[in-house]
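Just below is one structure, and these are the notes that go with it.
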Amino acid sequence: MIRCPAFLPFQTSSSLLGFLSICISRFVSPNMESPIILNYFTISVSCFCMILLYASTLNPVFALENCTFPAIFNLGDSNSDTGGLAAALITPTPPYGETFFHMPAGRFSDGRLIIDFMAKSVGLPYLSAYLDSLGTNFKHGANFATAASTIRLPAQIIPGGGFSPFYLNIQYSQFVQFKSKSQTIREKGGIYANLMPKKDYFPKALYTFDIGQNDLGEGFFGNMTIEEVNASVPDIVNNFSTNVKAIYDLGGRSFWIHNTGPIGCLPYILANFLSAQRDSHGCAKPYNDVAQYFNYKLKEVVVQLRIDLPLAAITHVDVYFAKYSLFSESNKHGFELPLVACCGYGGKYNYSSSVGCGGTITVNGSQIFVGSCERPSVRVNWDGIHYTEAANKFVFDKISTGAFSDPPIPLKMACHRV
């Protein structure tokens, strides 16, 4: 009989795993070619229970069950837009979508986005864009994100400027309208009723957010200094917080919030701010510093939201760190030329503000189509601003485990308050 001590001084999960390995080694006869477990040894029930107790104490996630999310409602920008801007204003052209959909699919990438992988991982279909009226199914959620969206009202909007009119307040208003009208349609019945979410899906749904990068970009390209952009951050994140609270007031309870990525590693920043200091991996350090300050203030807001919204399960996801590893350890992860756009034209970073992916440019009297690189599957950046499907899948695989989350909870358990 293996006896457990009255007190096991595990300080970390690694020490617990070490203890478990010792226990297991004692169950195995070293003199047999095929180890026979527990034939000669037994472990007391009390010892086994103590192991489970310590496991759940060190990481409460061990004791949780997977959530059943009947729907996802997403708010954000191009990092998670599955067709909103394409339906309303600007439609991506080939070679967008070439890797997975084999045609443009409303996404500003060669294939799927992080939100696509998230939906599939919890057993839901890809999200239909709220603004898309053709062939859409909202039974399991809706996507209110549009490319070029900001948290605050931008100074210039498409077509007069470079930013979406569907900033976060508008996306929230669209959600309010959707929540009400979808139930009216269900109550009336008919062919569209089954395309709408059930009433009880809203409190059980996962609410996801990926927005903020364009607020920083608006400042950078609006001739604001780094200090001025930093000074705008508290108001930006406070606006974000207001919208999360509003969705909570409407019954939302599970929130999955991405911080912003390393904007200083993107070709559209690198090509436009050539004199900016570079870090050891070639990224524009001052611009990444702003992104990190934004993330610091966003984390503060999330901490306060947990106090203000006591019934909410709020998961803060460090997308910045996951994405930065694509640039700092690109070779390790099987990627090449992380700072160079796959689909673009011109210069060190294969990016030009005058012609984008899918466009045409005249060179020496000849029309040149701006197409993709030969192997998008080993590239990080797609078009100078957005990530490839391969990079999106990499980031999803990292963040879905909970390793980059606070609390450290996997996506499938994000309905739990830990």
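Heavy atoms only: backbone and side chains are in, while hydrogens, waters and symmetry mates are out.
Within 6.0 Å of the OH atom in Tyr296, the count of heavy atoms belonging to other residues, nucleotides or ligands does not exceed 12. Crowding of Gln367 atom CD: a count of heavy atoms from other residues, nucleotides or ligands under 6.0 Å exceeding 12. Annotation: Asp249, atom CG; neighbour count of heavy atoms from other residues, nucleotides and ligands within 6.0 Å is above 12.
Here the side chain of Asp81 pairs a donor or acceptor atom with the backbone of Gly84 at under 3.5 angstrom. Judged by distance alone, the side chain of Ser366 and the main-chain N or O of Thr362 form no donor-acceptor pair under 3.5 Å. Checking side-chain atoms of Gln156 against main-chain N and O of Gly162 turns up no donor-acceptor pair under 3.5 Å. Using a distance-only test at 3.5 Å, with no hydrogens or angles considered, a donor-acceptor pair links the side chain of Tyr248 to the main chain of Leu311. Listed for the His416 side chain is a donor-acceptor partner under 3.5 Å among the backbone atoms of Glu65. A side-chain donor-acceptor contact under 3.5 Å links Arg186 to the backbone of Ala193. Looking only at distances, a side-chain donor or acceptor of Arg417 sits under 3.5 Å from a matching main-chain atom of Ala312. Between the side chain of Gln183 and the backbone N or O of Pro197, at least one donor-acceptor pair lies under 3.5 Å. Within the 3.5 Å criterion, the main-chain N or O of Ser128 finds no donor-acceptor partner in the side chain of Asp132. Listed for the Thr91 side chain is no donor-acceptor partner under 3.5 Å among the backbone atoms of Ala87.
In this structure, a donor-acceptor pair under 3.5 Å is present between the side chains of Ser372 and Glu98. For the residue pair Tyr96 / Asp383, a side-chain donor-acceptor distance below 3.5 Å is found, with atom types taken as modelled. Inspection of the His386 and Ser109 side chains reveals no N or O donor paired with an N or O acceptor under 3.5 Å. A donor and an acceptor atom, one from each side chain of Tyr324 and Gln292, are nowhere located under 3.5 Å apart.
Taking Thr315 as the reference, nothing meets the side-chain hydrogen bond (donor to acceptor under 3.5 Å, both in side chains) condition, with sequence neighbours excluded. Every residue meeting the side-chain contact (heavy atoms from CB on, under 4.5 Å) condition with Gln277, not counting sequence neighbours, appears here in chain and number order: Lys285, Pro286. Applying the side-chain hydrogen bond (donor to acceptor under 3.5 Å, both in side chains) test to Asn143 and every residue at least two apart in sequence or in another chain returns Asn74, Thr82.
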Tell me, with the steps shown, if Phe209 and His258 meet ring pair (Phe, Tyr, Trp, His ring centres under 6.0 Å). CA-CA 6 Å; Phe209 297 83; His258 291 183; 9.8 Å; no
Evaluate Arg306 against Asp406 for salt bridge (Lys or Arg N to Asp or Glu O under 4.0 Å), listing each step before the verdict. CA-CA 12 Å; Arg306 291 196 182 110; Asp406 175 33; 3.6 Å; yes
Pair Asn381, Leu339 - check side chain to side chain contact (heavy atoms under 4.5 Å, CB included), show working. CA-CA 7 Å; Asn381 191 276; Leu339 303 177; over 6 Å; no
Hey, mind stepping through Lys297 and Asp235 against side chain to side chain contact (heavy atoms under 4.5 Å, CB included) and telling me if it holds? CA-CA 10 Å; Lys297 299 303 289 184; Asp235 186 58; over 6 Å; no
I would like to know whether Asn288 and His281 meet side chain to side chain contact (heavy atoms under 4.5 Å, CB included); could you show each step before the answer? CA-CA 12 Å; Asn288 275 349; His281 304 293; over 6 Å; no
Give the C-alpha distance, both sets of side-chain angles, the deciding distance and a yes or no for side chain to side chain donor-acceptor pair (under 3.5 Å) between Tyr172 and Gln177. CA-CA 9 Å; Tyr172 165 73; Gln177 184 179 57; over 6 Å; no
The test is side chain to side chain contact (heavy atoms under 4.5 Å, CB included); show your working for Leu168 and Ser149 and say whether it passes. CA-CA 7 Å; Leu168 189 57; Ser149 284; over 6 Å; no
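Using a 4.0 Å cut-off between a side-chain N of Lys or Arg and a carboxylate O of Asp or Glu, Arg152 and Glu218 do not qualify as a salt bridge. Between Asp200 and Lys204, at least one side-chain nitrogen of the basic residue sits less than 4.0 Å from a carboxylate oxygen of the acidic one, meeting the salt-bridge criterion. Salt bridge status for Asp318 with Lys299: absent, with no side-chain N to carboxylate O gap under 4.0 Å. Ionic pairing of Asp116 and Lys120 is not present here: no N-O contact between side-chain nitrogen and carboxylate oxygen is shorter than 4.0 angstrom.
The two residues Pro376 and Asp110 make their nearest non-hydrogen contact at CB-OD2, 3.6 Å. For the pair Tyr320 and Asn259, the tightest heavy-atom approach, listed with the atom from each and the gap, is N-OD1, 3.0 Å. Scanning both residues, Trp382 and Pro95, for their nearest heavy atoms gives CZ2-O, 3.7 Å. Annotation for Ile151 and Asp215: closest pair N-OD1, 2.6 Å, computed over non-hydrogen atoms. Minimum interatomic distance between Gly358 and Thr93 (heavy atoms only, all atoms of both residues): O-OG1, 3.9 Å.
By the SG-distance test at 2.5 Å, no disulfide connects Cys373 to Cys343.
Aromatic rings from Phe221 and Tyr268 are positioned such that their centres are separated by under 6.0 Å.
In this structure, Phe240 CZ and Leu75 CG are separated by 8.5 Å, a value rounded to the nearest 0.5 Å. Note: Leu216 CG to Ser232 OG = 7.0 Å, rounded to the nearest 0.5 Å. One finds the CG atom of Asp289 at 15.0 Å from the CZ atom of Phe294 (value rounded to the nearest 0.5 Å).
The side-chain tip of Arg112 does not point at the ring of Phe117 from less than 6.0 angstrom away and within 45° of straight on.
Under the ring-ring contact (aromatic ring centres under 6.0 Å, His included) rule, Phe202 has a single partner from Tyr207, Phe69, Phe73, Phe138, which is Phe73.
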